[in-house]
*Asks:* 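My questions all concern the structure below.
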Amino acid sequence: MKAVAITAPGEARVVHVDEPSAAAGEVLVRIRRVGLCGSDLTTFLGKNPMVSYPRVLGHEIAATIEQLGADVPDAWQVGMNVTFTPYTACGACPSCRAGRRNACRDNKTLGVQRDGALSELAVVPHQKLYASPLLTVDELALVEPFSVGFHAASRGRVQEADTVLVMGCGGVGLGAVAGAASRGARVIALDTQDGKLSLARTVGARQVINATTSDARQAVMDLTGGNGPDVVIEAVGAAATYRQAVDWVAFCGRVVYIGYGKEPVSYETRMFVMKELDILGARNCLTEFPDVIAFFERRTFDPRLLISRTIGMEEVPDALAAWAANPGGTSKVMVTVA
Ligand SMILES: [Zn+2]
Ligand SMILES: [Zn+2]
């Protein structure tokens with residue numbers, strides 16, 4: 001069957017791989033949609049230290065169940081549309097023992113530490129499956145990035161009384177906006193592109209700031225009575241925004257980092273102490289798939305607005321190259337596999 005692999009940094013190809021078959025407890029699925037995200041671009045560029053090559057991409061997935069292995073519960077039936085979590089958990093490391101399987105020390109995410117689902121078929125343990133009869137396959141493929149954003153809101157203990165600044169409105173950042181807004185918080189979204197900011201409004205941001213056309217720090221302070229936000233969620237991964245999160249957050253605030261830093265960051269560390277900050281990392285997601293599915297099912301906005309481009313498998317190599325040449329211009333590329 002066909003799959004799309006990054007064969008070396010800067011080089012993607014359609015390759016042929018063996019068809020998988022479902023063992024006991026597994027289902028065989030036909031892949032329908034795969035979303036590409038910033039981490040796939042990082043892999044394509046050779047800048048993801050967790051990836052070795054060749055690597056089949058694909059961790060934001062919608063699929064249709066094709067065949068059931070032995071001992072799969074009746075809840076799962078051939079023909080159902082599903083999405084599934086792309087992570088693994090060893091069950092034994094300190095994270096897993098603490099009930100935080102999303103941060104498993106030995107986690108192997110599809111398309112990162114092991115081959116992903118950007119192929120015609122895949123096998124999945126039934127425990128990883130989630131279904132919704134109401135959502136389209138495009139929407140099911142958006143559940144994973146939104147769940148990562150929802151998890152960041154959970155890590156920040158976002159509550160109704162909070163003002164939350166979300167820096168960066170890619171797929172995960174928009175999920176953080178939606179996650180914080182659905183907890184009742186007032187959300188301010190920050191990005192450099194008006195298109196992403198208008199999407200942020202549709203998923204729940206009450207105010208937006210374009211960092212290229214305004215003094216972002218001043219705008220944040222004006223909107224928070226000079227105090228800064230109670231929570232800052234950083235979904236960019238750049239040194240400047242890593243620092244701004246700490247500089248702008250309110251005293252006794254919470255800073256949540258989801259953006260993967262691509263370089264070392266130097267800090268005015270006295271801010272950590274002086275403000276008595278909670279500085280938190282957020283990785284993958286834990287229990288958020290059902291929350292995001294319920295959020296999409298409420299139909300407060302059309303998740304398909306997030307998709308900036310739809311392509312076929314054969315077009316993935318060129319699309320990755322174009323994205324690498326213009327990283328800011330793309331929010332979500334959706335691959336139609338079947
Ligand atoms: Zn992703
Ligand atoms: Zn573990």
*Asks:* Taking C-beta and beyond as the side chain, do V51 and Q113 meet within less than 4.5 Å on heavy atoms?
*Replies:* no

*Asks:* Hey, could you give me the NE2/CD distance between H16 and E120, rounded to the nearest 0.5 Å?
*Replies:* 8.0 Å

*Asks:* Would I307 and V203 show up in the same hydrophobic cluster when neighbours are defined by side-chain heavy atoms closer than 4.5 Å?
*Replies:* yes

*Asks:* Which residue pairs pass the salt bridge (charged side-chain N to carboxylate O under 4.0 Å, His left out) test when at least one of the two sits in residues 94-106, sequence neighbours left out?
*Replies:* none

*Asks:* Mind checking whether F296 and F150 sit in one hydrophobic cluster, side chains of I, L, V, M, F, W, Y counted as touching below 4.5 Å?
*Replies:* yes

*Asks:* List for me each residue that meets side-chain contact (heavy atoms from CB on, under 4.5 Å) alongside T85, sequence neighbours excluded, and say none if there are none.
*Replies:* Y87, K128, Y130, F289

*Asks:* Consider only side-chain heavy atoms of I, L, V, M, F, W and Y, link residues closer than 4.5 Å, and tell whether V177 and L197 are in one cluster.
*Replies:* no

*Asks:* Kindly write out the residues that satisfy salt bridge (Lys or Arg N to Asp or Glu O under 4.0 Å) with R299, not counting sequence neighbours, or none if the list is empty.
*Replies:* E139

*Asks:* Describe, in one word, how the ring planes of Y267 and F272 are oriented to each other, choosing from parallel (under 30°), tilted (30 to 60°) and perpendicular (over 60°).
*Replies:* perpendicular

*Asks:* Would you tabulate the side-chain donor-acceptor contacts of residues 218-232 under 3.5 Å, counting partners in other chains and residues two or more places apart, or write 'none'?
*Replies:*
| from | atom 1 | to | atom 2 | distance (Å) |
| --- | --- | --- | --- | --- |
| Q218 | NE2 | D222 | OD1 | 3.0 |
| T224 | OG1 | V220 | O | 2.8 |
| T224 | OG1 | M221 | O | 3.4 |
| T224 | OG1 | G228 | N | 3.0 |
| D230 | OD2 | T163 | N | 2.7 |

*Asks:* Do M271 and Y257 land in one hydrophobic cluster if side-chain heavy atoms of ILVMFWY residues count as linked below 4.5 Å?
*Replies:* yes

*Asks:* For the residue pair L286 and E288, establish whether any side-chain heavy-atom pair is separated by less than 4.5 Å.
*Replies:* yes

*Asks:* If only atom types and distance count, is the side chain of N107 paired as donor or acceptor with the main-chain N or O of T88 below 3.5 Å?
*Replies:* yes

*Asks:* Could you go through T42 and Y260, starting from their C-alpha distance and side-chain angles, then the distance that decides it, and tell me whether this counts as side chain to side chain contact (heavy atoms under 4.5 Å, CB included)?
*Replies:* CA-CA 10 Å; T42 306; Y260 241 95; over 6 Å; no

*Asks:* Could you tell me whether the side chain of V208 reaches within less than 4.5 Å of the side chain of R201, counting heavy atoms only?
*Replies:* yes

*Asks:* Show, in sequence, the C-alpha distance, side-chain angles and deciding distance for I233 and M167, and conclude whether the side chain to side chain contact (heavy atoms under 4.5 Å, CB included) test is met.
*Replies:* CA-CA 6 Å; I233 298 177; M167 308 174 100; over 6 Å; no

*Asks:* Using the salt bridge (charged side-chain N to carboxylate O under 4.0 Å, His left out) rule, collect all pairs that involve residues 242-254, keeping only residues at least two apart or in two chains.
*Replies:* D162-R254

*Asks:* Kindly indicate whether the side chain of R183, heavy atoms from C-beta on, has any atom under 4.5 Å from the side chain of V164.
*Replies:* no

*Asks:* Is there a side-chain contact between M334 and L142, using heavy atoms and a 4.5 Å cut-off?
*Replies:* yes

*Asks:* Under a 3.5 Å distance rule, please check whether R217 uses its side chain to pair with a backbone N or O of W248 as donor and acceptor.
*Replies:* no

*Asks:* When rounded to the nearest 0.5 angstrom, what is the spacing between CD in Q244 and CG in L190?
*Replies:* 7.5 Å

*Asks:* Please report the C-alpha distance between K196 and L174 in whole Å, then the side-chain angles of each, then the deciding distance to 0.1 Å, and finally whether the side chain to side chain contact (heavy atoms under 4.5 Å, CB included) criterion is met.
*Replies:* CA-CA 8 Å; K196 291 184 184 175; L174 289 173; 5.8 Å; no

*Asks:* So, do L118 and V337 sit near enough that their side-chain heavy atoms are less than 4.5 Å apart?
*Replies:* yes

*Asks:* Only pairs under 3.5 Å count here: list side-chain donor-acceptor contacts from residues 23-39, not counting sequence neighbours, and write none if there are none.
*Replies:*
| from | atom 1 | to | atom 2 | distance (Å) |
| --- | --- | --- | --- | --- |
| E26 | OE1 | A23 | N | 2.9 |
| R30 | NE | E66 | OE1 | 3.1 |
| R30 | NH2 | E66 | OE2 | 3.2 |
| R32 | NE | A338 | O | 3.1 |
| R32 | NH1 | T64 | OG1 | 2.9 |
| R33 | NE | D138 | OD1 | 2.9 |
| R33 | NH1 | A338 | O | 3.1 |

*Asks:* Take atom CZ in R13; do more than 12 heavy atoms of anything else shown fall under 6.0 Å from it?
*Replies:* no

*Asks:* Tell me whether T7 contacts the main-chain N or O of A12 through its side chain, where contact means a donor paired with an acceptor under 3.5 Å.
*Replies:* no

